[in-house]
Amino acid sequence: MKISRHSKILEIISRCDVETQEELSALLVKEGYPVTQATVSRDIRELKLTKVSLSNGRQKYAVITQAQKDLSKYIRIFQDGFRSMDMAQNILVIKTVSGMAMAVAAALDAMDYHEIVGSIAGDDTIMCAVRSVEDTKELMRRLGRIIEES
């Protein structure tokens with residue numbers, strides 16, 4: 001039951017912005033996992049979940065892996081190499097500084113955006129296959145926020 005519950009918690013926080021233990025408890029109950037606040041608190045500790053800041057100033061639970069702890073270098077590579085982006089249906093085309101497409105594509109891979117199915121990089125252009133048109137628009141918004149921070 002615990003392994004199943006942990007799996008469900010990871011699924012829930014990957015698709016929802018869960019801000020509190022109470023919210024997570026309610027979502028688990030809705031999914032058929034009767035839990036107490038103490039159980040959820042213990043699960044959060046065992047799964048090593050942490051709260052991360054969202055762009056709107058709120059926070060949500062997330063799993064932080066070792067690779068995700070130092071995203072700053074990948075964000076910096078993305079910011080330094082980025083020139084522009086556009087979309088064609090569910091294809092995101094990113095233009096980069098000449099010679100930087102491979103590095104920027106590798107940075108995008110490391111940032112692990114679930115919307116990106118795969119990408120191909122040339123000298124100064126990256127083509128990312130994205131799951132849907134809506135995901136492409138959302139990904140462009142998220143990447144745009146990263147660029148605005150530079």
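These numbers come from the heavy atoms of this one structure, side chains and all, not from hydrogens, waters or symmetry mates.
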Novice: So, the side chain of Asp135 versus the backbone of Glu115: is there a donor-acceptor pair under 3.5 Å, distance only?
Specialist: no
Novice: At what distance, to the nearest 0.5 angstrom, does CG of Leu10 lie from OH of Tyr61?
Specialist: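 One finds 13.5 Å between CG of Leu10 and OH of Tyr61.
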Novice: Could you measure the distance from the CZ atom of Arg45 to the CZ atom of Arg42? Nearest 0.5 Å is fine.
Specialist: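 Nearest 0.5 Å value for the CZ-CZ distance: 7.0 Å.
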Novice: Is Glu148 paired with Arg145 through a side-chain N to carboxylate O contact shorter than 4.0 Å?
Specialist: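 Not counted as a salt bridge, because no side-chain N and carboxylate O are separated by less than 4.0 Å.
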Novice: Side chains of Glu31 and Ile12: closer than 4.5 Å at any heavy-atom pair?
Specialist: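 Counting from C-beta outward, Glu31 and Ile12 do come under 4.5 Å.
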Novice: Quick one: which of Gln21, His6, Lys8 gives a side-chain hydrogen bond (donor to acceptor under 3.5 Å, both in side chains) with Asp43?
Specialist: His6
Novice: Determine the minimum heavy-atom distance between Phe78 and Ala107, stating which atoms define it.
Specialist: N-CB, 4.4 Å
Novice: Would you say Arg5 and Thr39 make side-chain contact, with heavy atoms under 4.5 Å?
Specialist: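 The answer is yes, as the side chains (C-beta and beyond) meet within the 4.5 Å cut-off.
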Novice: How close do Arg131 and Val117 get, heavy atom to heavy atom, and via which atoms?
Specialist: CG-CG2, 3.7 Å
Novice: With heavy-atom distances below 4.5 Å as the criterion, would you say the side chains of Val35 and Ser25 are in contact?
Specialist: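 Touching, per the 4.5 Å side-chain cut-off.
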Novice: Can you name the nearest heavy-atom pair linking Glu23 to Asp17, along with the distance?
Specialist: OE2-O, 3.5 Å
Novice: I need the single residue from Lys60, Lys51, Arg58 that forms a salt bridge (Lys or Arg N to Asp or Glu O under 4.0 Å) with Glu19. Which is it?
Specialist: Arg58
Novice: Between Thr20 and Val18, does a side chain to side chain contact (heavy atoms under 4.5 Å, CB included) hold up when you go through it step by step?
Specialist: CA-CA 6 Å; Thr20 65; Val18 179; 5.8 Å; no
Novice: Assess whether atom CG of Leu47 is packed by more than 12 heavy atoms of other residues, nucleotides or ligands within 6.0 Å.
Specialist: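 Yes - once you tally the heavy atoms of other residues, nucleotides and ligands closer than 6.0 Å, there are more than 12.
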Novice: For the CE atom of Met127 and the CD1 atom of Ile91, what is their distance to the nearest 0.5 Å?
Specialist: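 Reported value, rounded in 0.5 Å steps: 4.5 Å.
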Novice: Heavy-atom count check: over 12 atoms from other residues, nucleotides or ligands less than 6.0 Å from Met140 CE?
Specialist: yes
Novice: Within the structure provided, determine whether Met87 and Val133 are in side-chain contact (heavy-atom separation under 4.5 Å).
Specialist: yes
Novice: Side chains of Phe82 and Ile146: does their closest heavy-atom pair fall under 4.5 Å?
Specialist: no
Novice: What pair of heavy atoms forms the shortest contact from Gly81 to Met100, and how long is it?
Specialist: CA-CE, 3.9 Å
Novice: Tell me the closest heavy-atom pair linking Thr96 and Ala101, and the distance in Å.
Specialist: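 That would be OG1-N, 3.2 Å.
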Novice: Looking at every heavy atom in both Met102 and Ala121, which two are closest together, and how far apart are they?
Specialist: SD-CB, 3.6 Å
Novice: Is the side chain of Asn90 donor-acceptor paired with the backbone N or O of Val130 at a distance under 3.5 Å, no angle test?
Specialist: yes
Novice: Look at the side-chain heavy atoms of Ile, Leu, Val, Met, Phe, Trp and Tyr, link any pair under 4.5 Å apart, and say whether Val93 and Ile126 land in one connected group.
Specialist: no
Novice: Could you state the interatomic distance from OG1 (Thr136) to CG (Asp86), rounded to the nearest 0.5 Å?
Specialist: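 Result: 11.0 Å between the selected atoms.
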Novice: Do Ser119 and Asp109 make a side-chain contact, defined as non-hydrogen atoms from C-beta onward lying under 4.5 Å apart?
Specialist: yes
Novice: What's the spacing between Ile75 CD1 and Leu108 CG if we round to 0.5 Å?
Specialist: 11.0 Å
Novice: Between Tyr33 and Ser4, is any side-chain donor less than 3.5 angstrom from a side-chain acceptor?
Specialist: yes
Novice: Considering only heavy atoms from C-beta outward, does the side chain of Lys95 approach that of Met85 to under 4.5 Å?
Specialist: no
Novice: Between atom OG of Ser72 and atom CD1 of Ile77, what is the distance when rounded to the nearest 0.5 Å?
Specialist: 9.5 Å
Novice: Between Ser14 and Glu11, is there a donor-acceptor pair closer than 3.5 Å when you use the side chain of the first and the backbone of the second?
Specialist: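 Side chain of Ser14 to backbone of Glu11: a pair is present.
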Novice: Taking the side chain as every heavy atom from C-beta outward, state whether Ile44 and Thr50 have any pair of such atoms under 4.5 Å apart.
Specialist: no
Novice: Does one hydrophobic cluster hold both Ile120 and Leu143, with members joined at side-chain heavy-atom distances below 4.5 Å?
Specialist: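 As far as the 4.5 Å side-chain criterion goes, Leu143 and Ile120 are not connected within one cluster.
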